[in-house]
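Following: one structure in structure tokens, then a few remarks.
Given the structure is predicted, the values throughout are model-derived calculations rather than measurements.
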Number of protein chains: 2
Amino acid sequence: MAKKSVKRASSKDVAREAGVSQSTVSRVFNNSGIPVSEDKRQLILETAARMGYRPSLIARSLNQQRTHIIGLLVKNFSNIFYIEALRLFSLMFQKQGYTIMLFNTQDDGRIEEDLVKALEYQVDGVVLTSATLDSSIVTQYKDFGVPVILFNRLNEGKAVNAVCCDNVAGGEAVARYLIERGHRNLVYIAGEEGSSTNRDRQNGFIRQSGEMGISDIRIIDGDFSYQSGYRAAEQLIAQCTSFDGVFCPSDSMAIGFMDYISMHTQLSIPEDFSLVGFDGAPIQNEELYPLTTYEQPLQRMVEKTVQFMIDTIENYTPEPVSYLFNGSILERGTVRDRR
Amino acid sequence: MAKKSVKRASSKDVAREAGVSQSTVSRVFNNSGIPVSEDKRQLILETAARMGYRPSLIARSLNQQRTHIIGLLVKNFSNIFYIEALRLFSLMFQKQGYTIMLFNTQDDGRIEEDLVKALEYQVDGVVLTSATLDSSIVTQYKDFGVPVILFNRLNEGKAVNAVCCDNVAGGEAVARYLIERGHRNLVYIAGEEGSSTNRDRQNGFIRQSGEMGISDIRIIDGDFSYQSGYRAAEQLIAQCTSFDGVFCPSDSMAIGFMDYISMHTQLSIPEDFSLVGFDGAPIQNEELYPLTTYEQPLQRMVEKTVQFMIDTIENYTPEPVSYLFNGSILERGTVRDRR
DNA sequence: TGCCTTTTCGCATACGCAATCAGTATACAA
DNA sequence: TTGTATACTGATTGCGTATGCGAAAAGGCA
């Protein structure tokens, strides 16, 4: 059996069938305002429908040098925050007439491979979420005139476009929030090592604490995941340190932390100590997990990224821009005022 | 400023620069075994690298009538099971040299729109997950010779390819499992109305129960979501019916159910009644949610879908095939033997 | 050296579309 | 009737790649 049992109708086929030229068919299907007489238009639409004709966006892309495809590189499928971002991206790009090509970059070594693949497919732009990437690759990428936007990640020297939450300010805000409410013995559960998001949140948290007179902050290892939050709680409790405020720089970690506390200790939050998360991703059950957290304006960040991308595609500018967003503390029930 | 500040090098450019013909460049880059002398090959590879040349997969697709793009239509971004499926699909298709075009089909009315878009992009095949679709559209789609596979969904008359868990057998297995262990007063929390998955699980559950002498099964409305499980528990408890076995046809629902019970009642599972879920999607904390569930062989199902898709692309056959998979009860801690 | 086989390469064309340009038909004014 | 402007249509070209065919070059053998 042949590879394709049916051959798709092309505009040429429709033209022959309808007795017009291929150009006229083309003019009818790309609504670019070029006038076609009404009777021919109807004739063409009818024969096209009868033959099941659909314009080939591949051929159109080749001709126009524009694919209307956006490459979306995603790494972290276990973090609800990025799932939510993915959902919003796909929705908003679709609404703007773009289609998403998804690259699930499992390990960092494959990033370059995926970027090249996206390039070969002539994507109009690339969004990188949650990837700890070698910036040299992206710089090289820029040479092709394809816009790249880092989402929720900054790179050194701001050599690449980025839309990001101001993580330093976020860390500072959490420190301020806790210390202003009388917390003195703070703990920071670290996120993924080497990621700019963790580094910035940690630096902001520690610096602001220092400025407010709190300098010895305990740091426990982690990696943003639920499990790491759970284990961090275990580790912290085993050390039996006295503490009254914990900052988990992701909601997943915070919830893992809460679970360990409620399952294996007699402590209760916020009576015995306060807990603040980060992200503000949707929580299924806020009654069960009334997590006070620093909420990133995810929706606005995605909107900005999409708009920024489209603007850049339509008017390419080589100078990189970084947009920083500020979130705010979402007060729920895991922080008590200790003054 | 121009739309593109740089023009990408084409095979023709490389050919001119290297002093060979465009054909030879092409032959070097599509490793189709056509011989090119070693010195020219090296020369071409070098100049290509120097010029930053990458073959255009768009142009290649136009020429070959094959894009190596798979359209993936996803609806349910809130269900962990489908997120996991999406992750596996993207991984496995990438490994097989295919790239994924993602369509986030928000509401069912847009399915047709997304299918058409995928068609226009000349995708080599389409996988539909979690979509309650009008089969007439898909039938029409088949006329284009583009393979369509329904994932985790059957359609009436089996007119379309499908890879699915045998939901009827699953429902039966759960009924058998509960009744064999002495449960007599069963409750079924319904999944999304109108979905084949819910209908089949429900039918299997009720029929098998009937055959084993249990005929009056209470049914509570739901839609597969965490919230609907939570509300169903509330509703059930309010009715104060005596029951000893509950079947939630998705793990999300089951966990919502568990949460309501532990938060708002004095009942405990499995002491006061047993609970069985469905899916077997990863649960973050099995200690906290030791849910006994019917586990679908997700990994194998995805593998089969990918393999099936590639086979169908390479050797198109118009006769639709349905592959049914059987899962099994994953015993954890929410069922007690009541004999 | 001449002839033949094999390897290697270039020419020309096709893929499906959009755009440019040139050409026809119609309308209206002179 | 002719000229001009305008509405419309068609032939042609190019986007970047792959490939059949034939030509040329290289190599083998007498």
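- Computed from coordinates, the K40(B) NZ to dG10(C) C1' distance equals 9 Å when rounded to whole Å.
- You won't find any donor-acceptor pair under 3.5 Å spanning the side chain of S23(A) and the base of dA18(C), going by distance alone.
- Distance CZ (R60(B)) to C1' (dG16(C)): 18 Å, rounded to an integer number of Å.
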Please write out the pairs of protein N or O atoms and N or O atoms of nucleotides 21-23 of chain C separated by less than 3.5 Å, giving the distance to one decimal.
none

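- Residue-level contact check: V25(A) touches neither bases nor backbone, having no heavy atom under 4.0 Å from any strand.
- We find that CE of M51(A) is positioned 14 Å from C1' of dG16(C), with the value rounded to whole Å.
- R60(A) has its side chain within reach of N30(A): a pair of non-hydrogen atoms, C-beta onward, lies under 4.5 Å apart.
- Between Q65(A) and dG16(D), a side-chain N or O to OP1/OP2 separation shorter than 4.0 Å is present.
- Within a heavy-atom distance below 4.0 Å of DNA chain C, the residues of residues 9-20 of chain B found are V20(B).
- Whole-Å rounding puts the L62(A) CG to dA18(D) P distance at 12 Å.
- Between T47(B) and Y53(B) there is no side-chain heavy-atom pair separated by less than 4.5 Å.
- In this structure, OG1 in T305(A) is found 11.5 Å from CG in L128(A), a value given to the nearest 0.5 Å.
- Checking E38(B) against Q42(B) by side-chain atom types alone, a donor-acceptor pair falls below 3.5 Å.
- Each of D39(B) and Y53(A) lies near DNA chain C, and the nucleotide nearest D39(B) is the one positioned closer to the 5' end.
- Side-chain contact between L115(A) and F103(A) is absent, with no heavy-atom pair separated by less than 4.5 Å.
- Taking atom CZ of residue F29(A) and atom P of nucleotide dC17(C), one finds them 10 Å apart after rounding to whole Å.
- Using a 4.5 Å heavy-atom cutoff, the side chains of L119(A) and R8(B) are in contact.
- Below the 3.5 angstrom threshold, one finds a donor paired with an acceptor across the side chain of Q22(B) and the base of dA18(D).
- Remark on DNA chain C: of its neighbouring residues T24(B) and N63(A), the 5'-side contact belongs to T24(B), judged by nearest-heavy-atom nucleotide.
- Computed from coordinates, the E120(B) CD to dG16(C) C1' distance equals 13 Å when rounded to whole Å.
- Aromatic ring centres of Y323(A) and F308(A) lie closer together than 6.0 Å.
- Here dA19(C) is the nucleotide among dC17(C), dA19(C), dC9(C) with the atom lying nearest to any side-chain atom of Q64(A).
- Atom CD of E38(B) and atom P of dA25(D) are 21 Å apart (whole Å).
- Between the CG atom of L57(B) and the C1' atom of dC15(D) there is a distance of 15 Å, rounded to whole Å.
- Put simply, the side chain of Q94(B) gets close to the backbone of N104(A): a donor and an acceptor are under 3.5 Å apart.
- In the set dA11(D), dT17(D), dC17(C), the nucleotide with an atom closest to the side chain of S56(B) is dT17(D).
- Residues F93(B) and L72(B) form no side-chain contact, since every pair of their non-hydrogen atoms from C-beta on lies 4.5 Å or further apart.
- Minimum heavy-atom separation, T312(A) to P147(A): CG2-CB, 3.7 Å.
- Residue contacts shown for S26(B) include a base, since a base heavy atom lies under 4.0 Å away.
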